[in-house]
A.B. asks: 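The structure is given below, and queries will be raised subsequently.
In this text, all values refer to a predicted model and were calculated from it rather than measured experimentally. First the proteins, then the strands, lettered A, B, ... as listed; each starts at 1.
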Amino acid sequence: MTDRIRAELARVAEQLGAPGIEFVLERPRDAGHGDLATNLAMVMARALKTAPRPLAEKVLKELGLPPGVARSEIAGPGFINFWLASDELGQQLASIVTAGRDYGRHDFGAGRRVNVEFVSANPTGPLHVGHGRGAALGDGIAALLERTGHAVTREFYINDAGTQIEKLAQSLWARLQQAAGRAAEIPEGGYHGRYLEEMAQSLLASDQSLAELPADQGIARSRAFVLAAQRAEQDQLLADFGVHFDVFTSEQTMYDRGKVEQLLDHLERAGLTFEQEGALWLRTSSFGDDQDRVLRKSDGSLTYFTPDLAYHMDKHERGFQTAIDVWGADHHGYIPRMRAALTALGYPPDFFEVTIVQLVKVVKGGEEVKMSKRSGEFVTLRDLLDDVGVDAARYFFMMRRGDSQFVFDVDLARSQTEENPVFYVQMAHARMSGIFRVANRAPESVQPSARVEDLPAPEDTELLKKLTAFPEVTARAAREREPHRITGFLEELARLAHGWYHKCRVLGEAPNVEAARLTLARATQIVLANGLGVLGLTAPERM
RNA sequence: GCGCCCGUAGCUCAGUUGGAUAGAGCAUCAGCCUUCUAAGCUGAGGGUCGUAGGUUCGAUUCCUACCGGGCGCACCA
C-alpha cells in the first residue's frame with residue numbers, strides 16, 4: 001500500500017517538473033494527521049521556488065490514488081495526509097496472521113553476503129560486560145540482516161598471535177612457579193588477575209611436574225593452556241548467552257596460510273608501501289588516513305595492523321560483499337587506517353563497516369560496580385548472566401544505541417515487575433497466549449477474520465495500526481544496524497497490548513467481535529514473538 | 001593541541017534520514033481489582049532539546065564556535 005502511494009507520488013512529482021525528488025511518506029505521530037503523510041509538496045516547493053500549499057493542491061489533483069485510500073487532505077504548511085479505508089486495515093490484519101513467523105521479513109538484502117565479526121575478545125581473560133554488549137549487538141545486527149534477506153556469517157576473530165598472549169603465557173608461568181612455592185614475578189605488563197592463580201593451582205594439582213619444566217617449555221605449555229582454557233570458557237559462555245558463531249578465525253592462521261605474506265607482496269608490488277628508518281610503511285595517508293602506518297617494524301616483526309588487514313583481505317576473498325566489525329569504543333581511532341588500507345586494496349566503499357560499542361557501566365544497589373582490567377577486577381559476563389539471566393541481559397544490551405554509553409541497572413534487569421522492559425514485553429506475549437489457553441484453542445488455528453467493523457473499540461484500531469508498522473521497523477533497524485529500534489517498538493506495542501487487554505474483552509463477546517479480537521490477539525502474539533525472536537529472546541506462553 | 005562519540009523531563013533514554021503541539025519508562029501525585037494473569041490498567045504534573053550564532057517556509061535533526069562528559073591520537077594489541 002505504502003509502496004503504491006509512494007510510486008504514484010513520484011510519478012506526479014515527475015509530471016509536475018520535479019523528477020526524482022526525495023520526499024518522505026511516513027506515519028505521522030499524531031493520529032489526527034492521517035494514516036500516512038507526505039512532505040512532497042514542501043520539498044517540491046523549494047525545488048520549484050513556489051508556495052507549498054497551492055502546489056499541494058496541484059499534486060492532489062493529479063494524483064490517481066489506489067482504492068485503499070479513503071480520503072486525503074492538505075494540512076499545515078503543505079503536508080498531504082491520507083486516510084486508509086478500514087477494509088485496508090482489516091486486510092493487513094489478516095495478512096499478519098497468514099504470514100505468521102514470516103511477518104516482518106524482507107528480501108531486500110537480495111542474498112548479499114555479509115560477514116558480521118563481533119566479540120573477537122583477546123584470549124587474555126574472561127569476557128566482561130563490554131563483550132556482552134558487543135555480543136548481543138553483533139548477534140542482533142546479524143539476525144536483522146538475516147531477516148531482511150542477507151546471507152549472514154557470524155564470525156569471531158581470535159587474537160592468538162600477539163605479544164598479549166605472550167605476556168599472558170609468561171604470567172601463567174609465573175603463577176605456576178609461585179604455586180609450586182618458588183619466587184617468581186609477573187612480568188612487566190603481565191596479567192595479575194586471580195583467574196590465572198586459580199588456573200595455575202588446578203593445573204599443578206593434576207600435574208606436579210609442570211613447574212619443573214625449563215622456562216621456554218613452561219611458557220609454551222602455558223600458552224597452550226591459556227588458549228585452550230579461554231576458548232573453552234568463551235565458547236561455553238557465548239553458548240549460554242545464546243550466541244552462535246559460524247566461523248572462528250585465528251590470527252595465527254593468517255601467518256600459517258601465507259595470507260600475511262601474500263598481503264605484503266601485493267601491497268609492495270602495487271607500490272603502496274615504502275621503507276623508512278628500517279620499517280615498512282603503508283601509504284594510508286593517500287587514502288584518507290591522517291598518517292601512514294607501519295606494517296613491519298624495524299626489528300622485523302609485524303604490527304597488529306598487518307595480520308588484521310590480511311584478515312580483512314581474506315574476508316573479501318571469501319566472497320563477502322560487506323564486512324561489519326563490531327568494535328569497542330577504544331578502537332574507534334583504528335577505523336580510518338583500516339578503511340584507508342581497504343580502499344588502497346581497491347575494495348568498494350560499502351565493503352567495510354564498523355559499529356562502535358561504547359562502555360558499559362554496571363550499577364547494582366544504586367552503586368557503580370567498578371571495572372578495571374588492569375587491577376584484574378571487573379564485572380564478568382558470566383557474573384551478569386548468573387545475576388539477571390540471558391533474556392534480560394540480551395535485551396538490556398540491545399535496548400540502547402551502541403554508540404552511547406550505557407548504564408546497566410542490575411536490579412532493574414532482575415526485577416519481575418512492569419518496571420523491567422523485558423518482563424513487560426514478555427508479559428504482553430504471555431497474556432495474548434493466555435487468551436487462547438482459556439479459550440482452549442490453539443493460536444495457530446485462528447482463521448483471520450478481517451472485518452474491522454467487528455473491532456469497535458479505539459484500542460482495537462490503535463493496537464492494529466501499531467502491528468502494521470512492524471515491517472517498516474525491522475527494515476529500518478536492519479538498514480541502520482540498530483537493534484534498539486526493535487526493543488523500542490516492542491515496548492510501545494506491549495503498552496498498547498496491555499491497555500487493550502485491560503479494556504477490551506475477547507472471550508464471551510458477540511461471536512463476530514470475539515472472532516475479530518481473537519485474530520487481533522493472534523496477530524499481536526505473532527508480532528511480539530517475531531520481535532523477541534529477532535533479538536534472540538524467548539516469547540513465553542505463561543509467566 | 002588534534003580527531004571520533006555523546007549532551008533531550010528529577011533519573012534512564014527514544015525521537016521515523018529537515019516537518020505539524022518534542023515522546024516513553026522509572027520516580028512523584030491522583031485513581032482503578034465480581035474479568036481472558038492487579039506480575040496489571042487509567043490520568044496528572046514535569047522541557048530554554050548543553051550555550052550562542054548561521055542555513056530556510058520550517059532545526060532536537062544540517063553548518064560554525066564555545067561549554068561539559070567519554071574515548072582515542074604507537075615501530076601496543
A.B. asks: Anything under 30° is parallel, anything over 60° is perpendicular, the rest tilted; go ahead and classify A/His498 against A/Tyr424.
C.D. replies: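 It falls in the tilted class, 30° to 60°.
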
A.B. asks: Which part of the nucleic acid, if any, lies within reach of A/Arg542 when heavy atoms closer than 4.0 Å are counted: base, sugar-phosphate only, or nothing?
C.D. replies: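 Base contact.
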
A.B. asks: Does B/A14 have OP1 or OP2 sitting under 4.0 Å from an N or O in the side chain of A/Ser404?
C.D. replies: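 Yes, such a contact exists.
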
A.B. asks: Between A/Lys167 and B/C76, is there a side-chain N or O to OP1/OP2 distance below 4.0 Å?
C.D. replies: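 For B/C76, neither OP1 nor OP2 has a side-chain N or O of A/Lys167 closer than 4.0 Å.
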
A.B. asks: Compare side-chain N and O positions of A/Arg337 against OP1 and OP2 of B/A74 and report whether any pair is under 4.0 Å apart.
C.D. replies: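 Negative; the distance criterion is not met.
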
A.B. asks: Regarding A/His33, tell me which of base, sugar-phosphate or nothing describes its non-hydrogen contacts under 4.0 Å with the strands shown.
C.D. replies: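 Base contact - A/His33 has a heavy atom under 4.0 Å of at least one base atom.
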
A.B. asks: Would you please determine if the base of B/A20 is stacked by A/Phe79, with stacking meaning a centroid separation under 5.5 angstrom and planes under 30 degrees?
C.D. replies: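 Stacking between A/Phe79 and B/A20: present.
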
A.B. asks: What about A/His332: does its side chain form a donor-acceptor pair under 3.5 Å with the base of B/G3?
C.D. replies: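 Between B/G3 and A/His332, which were checked side chain against base, a qualifying N/O pair under 3.5 Å is present.
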
A.B. asks: Pick the C1' atom in B/C62 and in B/C13, then give their distance to the nearest Å.
C.D. replies: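 My reading of the C1' atoms in B/C62 and B/C13 gives 23 Å.
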
A.B. asks: Is the distance between the ring centroids of A/Phe397 and A/Phe408 under 6.0 Å?
C.D. replies: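 Centroid distance A/Phe397-A/Phe408: below 6.0 Å, so yes.
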
A.B. asks: Answer with yes or no whether A/Gln164 presents, from its side chain, a donor or acceptor under 3.5 Å of a partner atom in the base of B/C76.
C.D. replies: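 No.
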
A.B. asks: Could you tell me whether the phosphate oxygens of B/C6, OP1 or OP2, come under 4.0 Å of any side-chain nitrogen or oxygen in A/Lys361?
C.D. replies: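 So the side chain of A/Lys361 is outside the cut-off, no N or O lying under 4.0 Å from OP1 or OP2 of B/C6.
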
A.B. asks: Kindly say whether, by distance alone, the side chain of A/Arg46 makes a donor-acceptor pair under 3.5 Å with the base of B/G58?
C.D. replies: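 It does, because a donor-acceptor pair links the side chain of A/Arg46 to the base of B/G58 below 3.5 Å.
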
A.B. asks: Could you work out the separation of B/U60 and B/U51 based on their P atoms and round it to a whole Å?
C.D. replies: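 Approximately 11 Å lies between the P atom of B/U60 and that of B/U51.
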
A.B. asks: Hey, are A/Glu353 and A/Arg481 close enough for a salt bridge, meaning a charged N less than 4.0 Å from a carboxylate O?
C.D. replies: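 Result for this pair is yes, salt bridge flagged.
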
A.B. asks: Kindly indicate whether a cation-pi arrangement holds for A/Arg339 with A/Tyr334, taking the cut-offs as under 6.0 Å to the six-membered ring centre and within 45° of the axis.
C.D. replies: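 A/Arg339 over A/Tyr334 ring: no.
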
A.B. asks: Give a yes/no answer on whether the side chain of A/His484 brings an N or O atom under 4.0 Å of OP1 or OP2 in B/G15.
C.D. replies: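 For A/His484, the contact criterion (side-chain N or O under 4.0 Å from OP1 or OP2 of B/G15) is met.
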
A.B. asks: Would you call A/Arg485 and A/Glu480 a salt bridge, taking side-chain N to carboxylate O under 4.0 Å as the test?
C.D. replies: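 Here A/Arg485 does not pair with A/Glu480 in a salt bridge, since their nearest N and O are not under 4.0 Å apart.
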
A.B. asks: Using the P atom in both, what is the distance from B/A22 to B/G45, to the nearest Å?
C.D. replies: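 B/A22 and B/G45 have their P atoms separated by 14 Å.
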
A.B. asks: Across all strands shown, which nucleotide pairs with B/C32 by Watson-Crick or G-U wobble geometry, both distances under 3.5 Å?
C.D. replies: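 For B/C32, the partner nucleotide comes out as B/G40, under the 3.5 Å rule.
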
A.B. asks: Using purine N1 to pyrimidine N3 plus N6-O4 or O6-N4 for Watson-Crick, or N1-O2 and O6-N3 for G-U wobble, both under 3.5 Å, which nucleotide pairs with B/A52?
C.D. replies: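 Its partner is B/U64 (Watson-Crick or G-U wobble, both distances under 3.5 Å).
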
A.B. asks: Give one of base, sugar-phosphate or nothing for A/Tyr501, where a contact means two heavy atoms less than 4.0 Å apart.
C.D. replies: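 Base contact.
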
A.B. asks: Regarding A/Tyr424, tell me which of base, sugar-phosphate or nothing describes its non-hydrogen contacts under 4.0 Å with the strands shown.
C.D. replies: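 A/Tyr424: backbone/sugar contact only, no base atoms under 4.0 Å.
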
A.B. asks: Under a 3.5 Å limit for both distances, which nucleotide forms a Watson-Crick or G-U wobble pair with B/C26, could you say?
C.D. replies: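 By the stated definition (distances under 3.5 Å), B/G10 pairs with B/C26.
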
A.B. asks: Taking the ring of A/Phe489 and the ring of A/Phe470, is the distance between their centroids below 6.0 Å?
C.D. replies: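 Ring-ring flag for A/Phe470/A/Phe489: true, centres closer than 6.0 Å.
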
A.B. asks: Which base, if any, makes a Watson-Crick or G-U wobble pair with B/C2, both distances under 3.5 Å?
C.D. replies: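 Matched B/C2 with B/G72 under the 3.5 Å cut-off.
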
A.B. asks: Does B/C33 fall in syn (glycosidic angle within 90° of 0) or anti?
C.D. replies: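 What B/C33 shows is a syn base, its glycosidic angle lying within 90° of 0.
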
A.B. asks: Write down the partner of B/U16 under the Watson-Crick or G-U wobble criteria, each distance required to be under 3.5 Å.
C.D. replies: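 Looking at the geometry, B/U16 pairs with no nucleotide.
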
A.B. asks: Does B/A38 have OP1 or OP2 under 4.0 Å away from a side-chain N or O of A/Arg431?
C.D. replies: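 Result: yes.
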
A.B. asks: What's the gap between B/C63 and B/U56 when it is taken at their P atoms, as a whole Å value?
C.D. replies: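 Comparing P positions in B/C63 and B/U56 gives a spacing of 16 Å.
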
